[in-house]
Amino acid sequence: MKIVILGGGTAGWMCAASLSALSATRRFSVELVESDEIGTVGVGEATLPHIKAFNDGLGINEAEFMRRTHATFKLGIEFAGWGRDAYIHPFGTFGQDWAGIGFQHHWTRAKQAGVPVAPIEDYSFAIAAARAGKFAFPDTDPSSVKSTFAYAYHFDAALYAGFMRDFATKRGVRRTEGRVVEVQQNAENGNVTGLKLQSGAVVTGDLFLDCSGFVSLIAGKTLNGPWEDWTQWLPCDRAFAVPTAGTGEITPYTRATAREAGWQWRIPLQHRTGNGYVFSSAFTSEDRARDVLLANLDGAPLMEPKLLRFRAGRRTRSWSHNVVAVGLASGFLEPLESTSIYLVQAAIETLRHYLGGRPDDPRAQGAFNRSVDTIYDSIRDFLILHYRATAREEPLWQHVRDMALPDSLLGRIEMFRHRGYIEAYRNGLFSPPSWLAVYMGQDVVPTGYDRMADALPMDLLVEKLDMLRTRIRDQVAALPTHEATLASFAPARMEVA
Ligand SMILES: Cc1cc2nc3c(=O)[nH]c(=O)nc-3n(C[C@H](O)[C@H](O)[C@H](O)COP(=O)(O)OP(=O)(O)OC[C@H]3O[C@@H](n4cnc5c(N)ncnc54)[C@H](O)[C@@H]3O)c2cc1C
């Protein structure tokens with residue numbers, strides 16, 4: 001079977017790298033078509049911890065990957081200006097589940113009883129380390145408080161795509177440079193048969209992965225796949241992006257700062273900082289957005305801000321006919337929780353289960369689409385929660401506070417407020433600690449708690465809370481700084497830039 005990938009951005013080359021293992025079986029061949037003239041979207045630098053599993057699965061050396069992509073470590077995302085105080089969504093847990101009951105129930109109980117209890121952030125190792133600017137690898141011993149977190153990376157998106165390209169081409173993936181001017185289809189069943197290049201050459205194949213970015217040349221433009229629009233919940237539709245000289249602190253976390261008509265990201269790499277302002281064109285002008293971004297940088301801009309346009313939503317059927325849309329061609333959710341590269345990874349890992357059958361098998365399509373849809377939908381709700389629960393007064397924020405929520409989210413917020421109960425999404429991306437971080441960070445505070453927590457004697461609870469907090473504080477104090485760990489483990493190899 002021949003698999004053709006259209007597009008050489010992060011999505012295309014991640015697919016190629018992952019599928020390159022199949023080339024070795026000799027039952028599959030993989031060819032990727034990309035156009036240097038068109039280029040890539042050029043953003044996408046903050047990730048989730050899952051990327052480590054993706055790289056590890058390919059057998060990639062972590063230090064080598066970090067040196068080549070100028071990567072830094074990431075323990076979570078700081079949200080400034082969203083709730084009353086800045087808060088961090090950590091890649092780690094809050095406290096421990098005592099007697100099988102979630103930590104938030106014990107914490108709420110102690111707080112309501114009026115006993116001395118610290119802010120919930122103080123019981124998260126990942127948050128304490130992030131705030132202190134520290135980083136060391138997690139312990140493997142599950143009894144250690146240093147095992148209660150995971151980590152991701154910030155990296156240079158172009159260098160990462162190049163790194164994946166080297167990996168894939170060395171393992172047998174064929175690269176063809178050229179602009180696709182026509183998508184050829186079987187007249188009877190509509191399946192795609194080949195991609196005609198400007199040169200006149202035609203790249204034929206059995207299964208096509210549409211990784212052509214926002215243009216979605218095959219799944220969107222050719223097959224006209226329906227699109228589910230989510231602008232009514234996520235009205236941001238533009239971003240200005242600009243890198244700055246790396247003069248600020250190399251924080252081990254991404255920062256997302258709420259602004260008058262959207263929010264601004266700060267992503268520290270080893271050699272520079274990525275910045276951008278995601279905004280809604282219904283609530284501000286492009287000129288004003290550009291000015292707001294430039295007025296809020298902590299280093300000198302290295303180029304003119306670049307404008308990107310998008311729409312929140314997803315393709316209703318990512319896999320249709322013999323075409324699978326991956327990456328921006330399959331949908332878009334603003335990068336508030338750094339989820340797009342994860343969505344690429346999830347799509348490839350799901351697709352790999354179904355390769356080998358007919359490339360237009362409706363059963364495989366159904367299973368794949370259901371799985372990808374669930375992940376998209378759960379992320380959509382998680383993002384909406386950030387917008388919903390703010391006290392900001394500008395028109396965008398009033399609009400999002402008053403909008404009707406998807407039913408899937410409304411009931412969950414009510415359950416948390418009422419009982420501290422976190423209803424996770426089956427097969428969704430974010431687990432309960434992530435939801436807890438955003439709920440509490442944005443002042444969605446439970447009025448009740450699981451009464452099973454009352455079984456723990458109060459004096460014992462107070463002692464446990466105190467011990468846990470002390471252990472976290474002492475162990476974080478002993479960690480090396482993030483910058484020291486970077487310098488010893490994976491200093492950027494600057495000649496690659
Ligand atoms: C403002 C913004 C910020 C983002 N931040 C993050 C983030 O922090 N974290 C994260 O995970 N994700 C982020 N993303 C998403 C992330 O950038 C993308 O998911 C990721 O880069 C994958 O893009 P892609 O490969 O699908 O598309 P692209 O990078 O656009 O690649 C498309 C490819 O298709 C090729 N192509 C298109 N048409 C043709 C043609 N006719 N012929 C030949 N080739 C063609 C292009 O040349 C290119 O190689 C962000 C996105 C935006 C818009």
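Order of listing sets the numbers, starting from 1, for every ligand and every atom in it.
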Novice: Note the single closest protein heavy atom to atom 37 (C) of ligand 1, along with its residue, its atom name and the distance in Å.
Specialist: Ser212 O, 3.4 Å

Novice: Backbone N or O of Pro359 within a donor-acceptor pair of the Trp319 side chain at under 3.5 Å?
Specialist: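 Checked: pair present.
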
Novice: Among protein heavy atoms, which lies nearest atom 5 (N) of ligand 1, and at what distance?
Specialist: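 So the nearest neighbour among protein heavy atoms is Pro335 CB, 3.3 Å.
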
Novice: Verify whether one side chain among Lys74 and Ser338 offers a donor that lies under 3.5 Å from an acceptor in the other.
Specialist: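 Their side chains do contain a donor-acceptor pair, which is all the 3.5 Å distance test asks for.
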
Novice: For atom 42 (N) of ligand 1, which of the options Val180, Val344, Thr176, Ile77 provides the nearest non-hydrogen atom?
Specialist: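 Ranked by closest heavy atom to atom 42 (N) of ligand 1, first place is Val180.
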
Novice: Quick one: are the ring centres of Phe73 and Tyr151 less than 6.0 Å apart?
Specialist: yes

Novice: Considering only the protein, which heavy-atom contact is closest to atom 30 (O) of ligand 1, and what is its distance?
Specialist: Val41 N, 3.3 Å

Novice: Compare Gly213, Gly39, Gly178 and give the one whose heavy atom is closest to atom 48 (C) of ligand 1.
Specialist: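 The residue whose heavy atom sits nearest atom 48 (C) of ligand 1 is Gly39.
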
Novice: Give me the nearest non-hydrogen protein atom to atom 20 (C) of ligand 1 as residue plus atom name, then the distance to 0.1 Å.
Specialist: Thr10 CB, 3.9 Å

Novice: Which one holds for Glu45 and ligand 1: side chain close, backbone close, both close, or neither close, with close meaning a heavy atom under 4.0 Å?
Specialist: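 Near ligand 1, Glu45 shows its backbone, while the atoms from C-beta on stay back.
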
Novice: Would Tyr342 count as a contact of ligand 1 if the rule is a heavy atom under 4.0 Å away?
Specialist: no

Novice: Is the distance between the ring centroids of Phe163 and Phe155 less than 6.0 Å?
Specialist: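 Centroid distance Phe163-Phe155: not below 6.0 Å, so no.
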
Novice: Is there a polar contact between ligand 1 and Val326, counting only N or O atoms under 3.5 Å apart?
Specialist: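 The answer is no, given that Val326 and ligand 1 share no N or O pair closer than 3.5 Å.
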
Novice: Starting from atom 15 (C) of ligand 1, find the nearest protein heavy-atom neighbour and note its residue, name and distance.
Specialist: Ser340 CB, 3.3 Å

Novice: Can an N or O of Leu328 be found at a distance shorter than 3.5 Å from an N or O of ligand 1?
Specialist: yes

Novice: Is any side-chain heavy atom of Arg317 closer than 4.5 Å to a side-chain heavy atom of Pro226?
Specialist: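 Answer yes - side chains close enough.
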
Novice: Determine, considering heavy atoms only, which of Gly8, Gly274, Cys211, Gly44 sits nearest to atom 32 (C) of ligand 1.
Specialist: Cys211

Novice: Within a distance under 4.0 Å of any heavy atom of Gly327, pick out the atoms of ligand 1 and give their elements.
Specialist: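 With Gly327 as reference, the close atoms of ligand 1 come out as 26 (O).
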
Novice: What residue and heavy atom of the protein are closest to atom 40 (C) of ligand 1, and at what distance?
Specialist: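 Among all protein heavy atoms, the one nearest atom 40 (C) of ligand 1 is Ile38 CD1, 3.4 Å.
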
Novice: Under 4.0 Å, counting heavy atoms only: does Ser338 come that close to any atom of ligand 1?
Specialist: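 Contact present.
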
Novice: Should Val33 be counted as touching ligand 1, given the test is an N or O pair under 3.5 Å?
Specialist: no

Novice: So is Thr47 touching ligand 1 or not, going by heavy atoms under 4.0 Å?
Specialist: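 No; Thr47 lies far enough from ligand 1 that no heavy-atom distance drops under 4.0 Å.
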
Novice: When you measure from the heavy atoms of Trp265 to every atom of ligand 1, does any distance fall below 4.0 Å?
Specialist: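 Yes; Trp265 lies near enough to ligand 1 that a heavy-atom distance drops under 4.0 Å.
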
Novice: Are Tyr87 and Tyr439 near enough that their ring centres are under 6.0 Å apart?
Specialist: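 No.
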
Novice: Taking the six-membered ring for Trp and the single ring otherwise, decide whether the centroids of Trp263 and Trp397 are under 6.0 Å apart.
Specialist: no

Novice: Applying salt bridge (Lys or Arg N to Asp or Glu O under 4.0 Å) to Arg392 and Glu260, what does each step give before you reach the verdict?
Specialist: CA-CA 8 Å; Arg392 297 186 70 93; Glu260 58 191 31; over 6 Å; no

Novice: Would you confirm whether the ring centroid of Trp435 sits within less than 6.0 angstrom of the ring centroid of Phe430?
Specialist: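 Judged by ring-centre distance (under 6.0 Å), Phe430 and Trp435 do not meet the cut-off.
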
Novice: When you measure from atom 2 (C) of ligand 1 to every protein heavy atom, which one gives the shortest distance, and what is it?
Specialist: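 The closest heavy atom on the protein side is Val43 CG2, 3.5 Å.
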
Novice: Specify the closest pair of heavy atoms between Phe310 and Cys236, including all atoms of both residues, with the distance to one decimal.
Specialist: CE1-O, 3.4 Å

Novice: So, is Val215 polar-close to ligand 1, with some N/O to N/O distance under 3.5 Å?
Specialist: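 Among all N and O atoms of Val215, none is under 3.5 Å from an N or O of ligand 1.
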
Novice: Is it true that a side-chain atom of Thr222 and a backbone atom of Leu217 form a donor plus acceptor pair closer than 3.5 Å?
Specialist: yes

Novice: Just jot down the salt bridge (charged side-chain N to carboxylate O under 4.0 Å, His left out) partners of Arg311, sequence neighbours excluded, or say none.
Specialist: Asp229

Novice: Does Ser35 reach ligand 1 with a nitrogen or oxygen that is under 3.5 Å from one of the ligand's nitrogen or oxygen atoms?
Specialist: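 Checking ligand 1 against Ser35, an N or O pair does fall under 3.5 Å apart.
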
Novice: Would Ala46 count as being in polar contact with ligand 1, using the rule that some N or O on each side must be under 3.5 angstrom apart?
Specialist: yes

Novice: Does the separation of the ring centres of Phe65 and Tyr153 fall below 6.0 angstrom?
Specialist: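 For Phe65 and Tyr153, the ring centres are under 6.0 Å apart.
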
Novice: Of all the non-hydrogen atoms in the protein, which one sits nearest to atom 25 (O) of ligand 1, and at what distance?
Specialist: Ala11 N, 3.0 Å

